[in-house]
Amino acid sequence: MKLNYYEIFDKFSGLKNRDERKAYLKKCENITLLKILKAAFNPNIKFFITHIPEKYKPNTNIVPGMSDYSMEQVINKIYLFELNNPRTPNLTYAKREQLLLQFLDGMEPREAKIFLDVLFKTIDVKFLTASLVREVWPGLLPVQLDVQKKE
């Protein structure tokens, strides 16, 4: 049975130590998880979206596993919200916001929150840090030479 990404992150947060968390991330590895982590933690990737659209209300009527949009689908469209992406030179902010609303409205609320957290670079998963991601997947994120807040 395929887990939602919030289920993966919930289990990850409950693990006892760094080694267990690293092993669990590796076990859950798939292209979507890597794209989520890269977009969330790569400081070179920046997004147009700076706030949750006013019209957005989490769709609490979606039955888990029965949403119109999955994380796999929307993470493959994340380039639509990326600053300076050469594939979207004529896409207006209004159109980007409209697309974001469409995606969010069709996702399970907790999956939608993860997607928003990725766009805002505020992924809120206990113990999940850029440092840990670099340990599990060297080369996924750029090496930070300056000293940032301790992770």
Side-chain angles (χ1 to χ4, degrees), residues 1-53 56 58 62 64-65 67-91 93 95-97 99-151:
M1 184 175 134
K2 180 186 152 307
L3 296 175
N4 283 316
Y5 289 88
Y6 63 83
E7 293 171 310
I8 291 171
F9 291 150
D10 287 349
K11 181 167 181 178
F12 170 88
S13 295
L15 295 173
K16 294 182 173 121
N17 61 55
R18 193 170 183 90
D19 288 337
E20 284 184 13
R21 291 188 283 270
K22 286 168 47 176
Y24 183 69
L25 284 177
K26 200 65 175 158
K27 176 184 167 196
C28 294
E29 180 179 338
N30 64 47
I31 193 69
T32 300
L33 179 61
L34 294 176
K35 286 179 180 182
I36 290 168
L37 297 173
K38 183 176 182 178
F41 291 114
N42 186 332
N44 299 326
I45 299 174
K46 298 185 181 357
F47 298 102
F48 276 99
I49 304 300
T50 58
H51 62 279
I52 297 172
Y56 174 62
I62 294 179
S67 58
D68 292 337
Y69 289 104
S70 68
M71 186 64 75
E72 287 81 4
Q73 291 169 307
V74 298
I75 205 69
N76 285 326
K77 301 288 186 187
I78 200 165
Y79 71 91
L80 296 168
F81 310 105
E82 193 176 334
L83 280 171
N84 303 317
N85 188 298
R87 294 185 281 178
T88 60
N90 299 320
L91 196 57
Y93 187 88
K95 181 63 177 172
R96 289 174 208 273
E97 193 171 74
L99 288 166
L100 180 60
L101 274 170
Q102 180 182 335
F103 293 159
L104 295 174
D105 287 341
M107 296 177 77
E108 291 181 42
R110 290 191 65 202
E111 291 284 272
K113 182 184 181 324
I114 291 170
F115 190 67
L116 285 168
D117 286 350
V118 169
L119 291 174
F120 300 143
K121 304 277 191 178
T122 59
I123 199 157
D124 186 23
V125 178
K126 190 174 180 183
F127 306 117
L128 185 59
T129 64
S131 172
L132 182 70
V133 171
R134 282 188 197 94
E135 285 181 42
V136 177
W137 295 287
L140 183 66
L141 302 175
V143 176
Q144 296 300 103
L145 298 177
D146 55 340
V147 178
Q148 305 262 332
K149 69 175 186 172
K150 190 170 182 168
E151 298 182 79

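What you see is a predicted model; the values in this text were computed from it and never measured. Counting begins at 1 with the first residue of the sequence.
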Of the non-hydrogen atoms in Lys22 and Leu132, which two are nearest, and what is the gap between them? CG-CD1, 3.1 Å

Taking the side chain as everything from C-beta on, heavy atoms only, tell me whether Lys2 gets closer than 4.5 Å to Glu72. yes

Distance check, rounded to the nearest 0.5 Å: Thr50 atom OG1 versus Glu97 atom CD? 8.5 Å

Check ion pair Arg18-Glu135 (N to O, under 4.0 angstrom): yes

Check for me whether the distance between the ring centres of Tyr69 and Phe103 falls short of 6.0 Å. yes

What closest approach, in Å, do Phe127 and Ser13 show between heavy atoms, and which atom pair accounts for it? CE1-O, 3.4 Å

Run the salt-bridge test on Arg96 and Glu82 with the 4.0 Å N-O cut-off and return the result as yes or no. no

Nearest-0.5 Å distance that lies between atom CG in Leu141 and atom CG in Asn44: 9.5 Å

Do you know the tightest heavy-atom contact between Tyr56 and Ala112? OH-CB, 3.4 Å

Between Leu119 and Ile78, is the side-chain contact (heavy atoms from CB on, under 4.5 Å) condition met? List the steps. CA-CA 8 Å; Leu119 291 174; Ile78 200 165; 3.9 Å; yes

With distance as the sole test, does Lys46 use its side chain to make a donor-acceptor pair with the main-chain N or O of Pro43 at under 3.5 Å? yes

Does any non-hydrogen side-chain atom of Lys77 lie less than 4.5 Å from one of Leu99? no

Side chain of Thr88, backbone of Leu91: donor and acceptor closer than 3.5 Å? no

In Å, rounded to the nearest 0.5 Å, how long is the span from CG of Leu116 to CG of Leu104? 4.5 Å

When every non-hydrogen atom of Glu111 is compared with those of Met71, the smallest separation belongs to O-CE, 3.3 Å

Interatomic spacing from CE in Met107 to CG in Asp105 - rounded to 0.5 Å: 11.0 Å

Any heavy-atom pair between the side chains of Tyr24 and Ile8 that's under 4.5 Å? yes

Return the minimal non-hydrogen interatomic distance between Leu33 and Trp137, and the atom names on each side. CD2-CH2, 4.1 Å

side-chain contact (heavy atoms from CB on, under 4.5 Å) for Val133 and Leu128? Distances and angles first, verdict last. CA-CA 8 Å; Val133 171; Leu128 185 59; 4.1 Å; yes

In this structure, are over 12 heavy atoms from other groups packed under 6.0 Å from Lys16 atom NZ? no

Value rounded to 0.5 Å, distance of CD1 in Ile75 from CD1 in Ile31: 10.5 Å

Are Leu100 and Leu80 close enough that some pair of their side-chain heavy atoms sits under 4.5 Å apart? no

Close side-chain approach of Phe41 to Ile123, heavy-atom, < 4.5 Å: yes

Shortest non-hydrogen separation from Ile114 to Tyr5 and the atoms involved: CD1-C, 3.7 Å

If you count the non-hydrogen atoms of other residues, nucleotides and ligands that lie under 6.0 Å from NZ in Lys121, is the total more than 12? yes

Go through the steps for Lys35 and Asn76 under the test side-chain contact (heavy atoms from CB on, under 4.5 Å), then give the verdict. CA-CA 8 Å; Lys35 286 179 180 182; Asn76 285 326; 2.3 Å; yes

Taking Leu15's backbone N and O only, do any of them form a donor-acceptor pair with Arg21's side chain (distance below 3.5 Å, no angle check)? yes

Contact check, side chains of Ile52 and Phe120, non-hydrogen atoms, under 4.5 Å: yes

Please say whether more than 12 non-hydrogen atoms of neighbouring residues, nucleotides or ligands are located less than 6.0 Å from NZ in Lys38. no

Exam field: side chain Asn4 to backbone Tyr6, donor-acceptor pair closer than 3.5 Å: no

Can you confirm whether Phe81 sits close enough to Phe115 that some side-chain heavy atom of one is under 4.5 Å from a side-chain heavy atom of the other? yes

